[in-house]
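Here is the structure we will look at.
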Number of protein chains: 2
Amino acid sequence: MKILLVEDDRLLAHEIARALREENFAVDIAANGEDGQHLGETESYDAAVLDLGLPKVPGVEVLRGWRKHGRDLPVLILTARDGWTDKVDGFKAGADDYLTKPFRIEELIMRLRALVRRASGHAAPRISCGPLSFETQTGVFELDGLHLKLTALEWRVLECLILRKDTVVERGVLSEKVYEGDVGTDSNSIEVIVARLRRKVGKALIETERGRGYKLNSGSR
Amino acid sequence: MKILLVEDDRLLAHEIARALREENFAVDIAANGEDGQHLGETESYDAAVLDLGLPKVPGVEVLRGWRKHGRDLPVLILTARDGWTDKVDGFKAGADDYLTKPFRIEELIMRLRALVRRASGHAAPRISCGPLSFETQTGVFELDGLHLKLTALEWRVLECLILRKDTVVERGVLSEKVYEGDVGTDSNSIEVIVARLRRKVGKALIETERGRGYKLNSGSR
DNA sequence: GCGCCCAAGCTTAACTCAACCTGAACGGAA
DNA sequence: TTCCGTTCAGGTTGAGTTAAGCTTGGGCGC
């Protein structure tokens, strides 16, 4: 867990760093806006603590710069003044939280922990299978990196297959998953959907196991 | 954008709810811990505001209950007492932020917006999508740089879509987030709102995924 | 091994109906 | 009054189903 601390007050900076390290955070200190800007853009941190009252480059500008460069780390800003506009500007620039000086160091730690916890929950698990990949959070399929457009039923079938890739999914299981209620199985609609899917994702991907069902096979064998 | 407000003080609750609704949030109010617990577990909210000083079931227990049930919505806790241990307990139970009473309602809104923005995976304070852009901290939409005037419902729908741009937002999810309380699903009002939105932002932006829902697509793919 | 036969699966095309769109009108709230 | 949200009706579209003919594969008798 690595934190970037941008704070010009040497004394305060070291006090904060000491406390954070005691809690097993790794801390880099930047004593001014320029260094902070640069470090935030080049290194990889789990979160940043940013003093808004910096000399030369104002803290808000540092934050704005990070965001412009696509840095999406959680940022907690510190403000000496109790000024309302400061906080508003900070939030508008993309801050996630703020603290007004003076503050208890335990509070800083707690808020940092909360930020990191929430930010880390955003890893989007992906399943890929040959040229096909599936983002479980958004339900988006991609083929060779290109967005794959599917109808509702095609999507359900393909999801069902990719969640069990490399294993046979029986016909019955498929129609159960695809048609929520139980269905009379005397129909070839599943076959039709599979055929259409094959035309979209390529014949080789979906293998049929005669008498049992279908299997999505990753080219690994 | 739907918020759960758990607050036993009727007056305060309605004041907060009014202010939030003025900012186009949909708000459900729970007047006690039990109701709050239940609503938070069964309904789907984008964030919760939780008073820690509740009668009967303490606020921290409510929060702990949600987390135990796997509800990971962002939670902002309110604490009347200036007590340190309250906040610590709150954070330990999985809170994301807190405010000490009394507070400015604008600050509550700022923090809520920051929480929601972060939870939706966006670090930058501005989301753009084709000619459309959205300022997360102020809730302002712009089309080609010009301020876009929307009604409350139009705003909620469009916000919901832009926060999940390029992914399909299901009809059900949409009406959940847009309407307060429970939802009757047999109505085409969402369709009508979408049609009106299309007339305002252009047809191409809002794509309909038949059988699933709607998608806001940044032409990039 | 060879070939026949039948069941299982594939594919195309047409049809049907639910999902969706939209203009208009109504009713309630500010 | 005006504005906003909802409902309704009529029209449009396209996804899903069906059915029919074709292909494939494996079992079995020779």
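Lettering follows sequence order; numbering is per chain, from 1.
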No-hydrogen, no-angle side-chain donor-acceptor test under 3.5 Å, A:K215 and A:T167: no
Compute the angle between the rotation axes at the two ends of the helix from C:dG1-D:dC30 to C:dA30-D:dT1, each taken over five pairs, rounded to 10 degrees. 40°
Validate the cation-pi geometry between A:R111 and B:Y98: distance from NZ or CZ to the six-membered ring centre under 6.0 Å, angle to the ring axis within 45°. yes
Are more than 12 heavy atoms, taken from residues, nucleotides or ligands other than A:R212, located less than 6.0 Å from that residue's CZ atom? no
How about NZ on A:K177, more than 12 heavy atoms from neighbouring residues, nucleotides or ligands closer than 6.0 Å, or not? no
On a heavy-atom basis, which atom in B:D46 and which in B:P74 lie closest, and how many Å separate them? O-CD, 3.1 Å
Tell me whether B:R156 contacts the main-chain N or O of B:V178 through its side chain, where contact means a donor paired with an acceptor under 3.5 Å. yes
By side-chain contact (heavy atoms from CB on, under 4.5 Å), A:S128 pairs with (sequence neighbours left out) A:S133
Whole-Å distance separating the CD1 atom of B:I206 from the P atom of C:dT22: 11 Å
Report, as yes or no, whether the 6.0 Å neighbourhood of atom NZ on A:K92 holds more than 12 heavy atoms from other residues, nucleotides or ligands. no
Verify, without hydrogens or angle tests, whether A:T136 (side chain) and A:P125 (backbone) share a donor-acceptor contact under 3.5 angstrom. yes
Would you check if the side chain of B:K2 reaches a backbone N or O of B:Y179 as a donor-acceptor pair within less than 3.5 Å? yes
Under-3.5 Å N/O pairs linking protein and nucleotides 13-15 of chain C:
none

Do any N or O atoms of the protein come closer than 3.5 Å to N or O atoms of nucleotides 19-21 of chain C, and which pairs are they?
from, atom 1, to, atom 2, distance (Å)
C:dA19, N3, B:R210, NH2, 3.3
C:dC20, OP1, B:G211, N, 3.2
C:dC20, OP2, B:R171, NE, 2.8
C:dC20, OP2, B:R171, NH2, 3.1
C:dC21, OP1, B:R198, NH1, 2.8
C:dC21, OP1, B:R198, NH2, 3.4
C:dC21, OP2, B:Y214, OH, 2.7

Rounded to whole Å, CD1 of B:I190 lies from C1' of C:dT22 at a distance of 16 Å
Outermost contacting nts on DNA chain D, any atom under 4.0 Å from chain A heavy atoms, listed 5' then 3', are D:dA15 to D:dG25
Quick check: does any side chain N or O of B:K87 sit under 3.5 Å from a backbone N or O of B:T79, one acting as donor and the other as acceptor? no
Taking B:N188 for the side chain and B:E191 for the main chain, is one N or O donor matched with an acceptor at less than 3.5 Å? no
Mind listing the side-chain donor-acceptor pairs of residues 27-37 of chain B below 3.5 Å, one per line with the distance, residues two or more places apart or on another chain?
from, atom 1, to, atom 2, distance (Å)
B:D28, OD1, B:G181, N, 2.8
B:D28, OD2, B:Y45, OH, 2.8
B:D28, OD2, B:G181, N, 3.4
B:N32, OD1, B:E34, N, 3.0
B:N32, OD1, B:D35, N, 2.8
B:N32, ND2, B:D35, OD2, 3.4
B:Q37, NE2, B:E41, OE2, 2.7

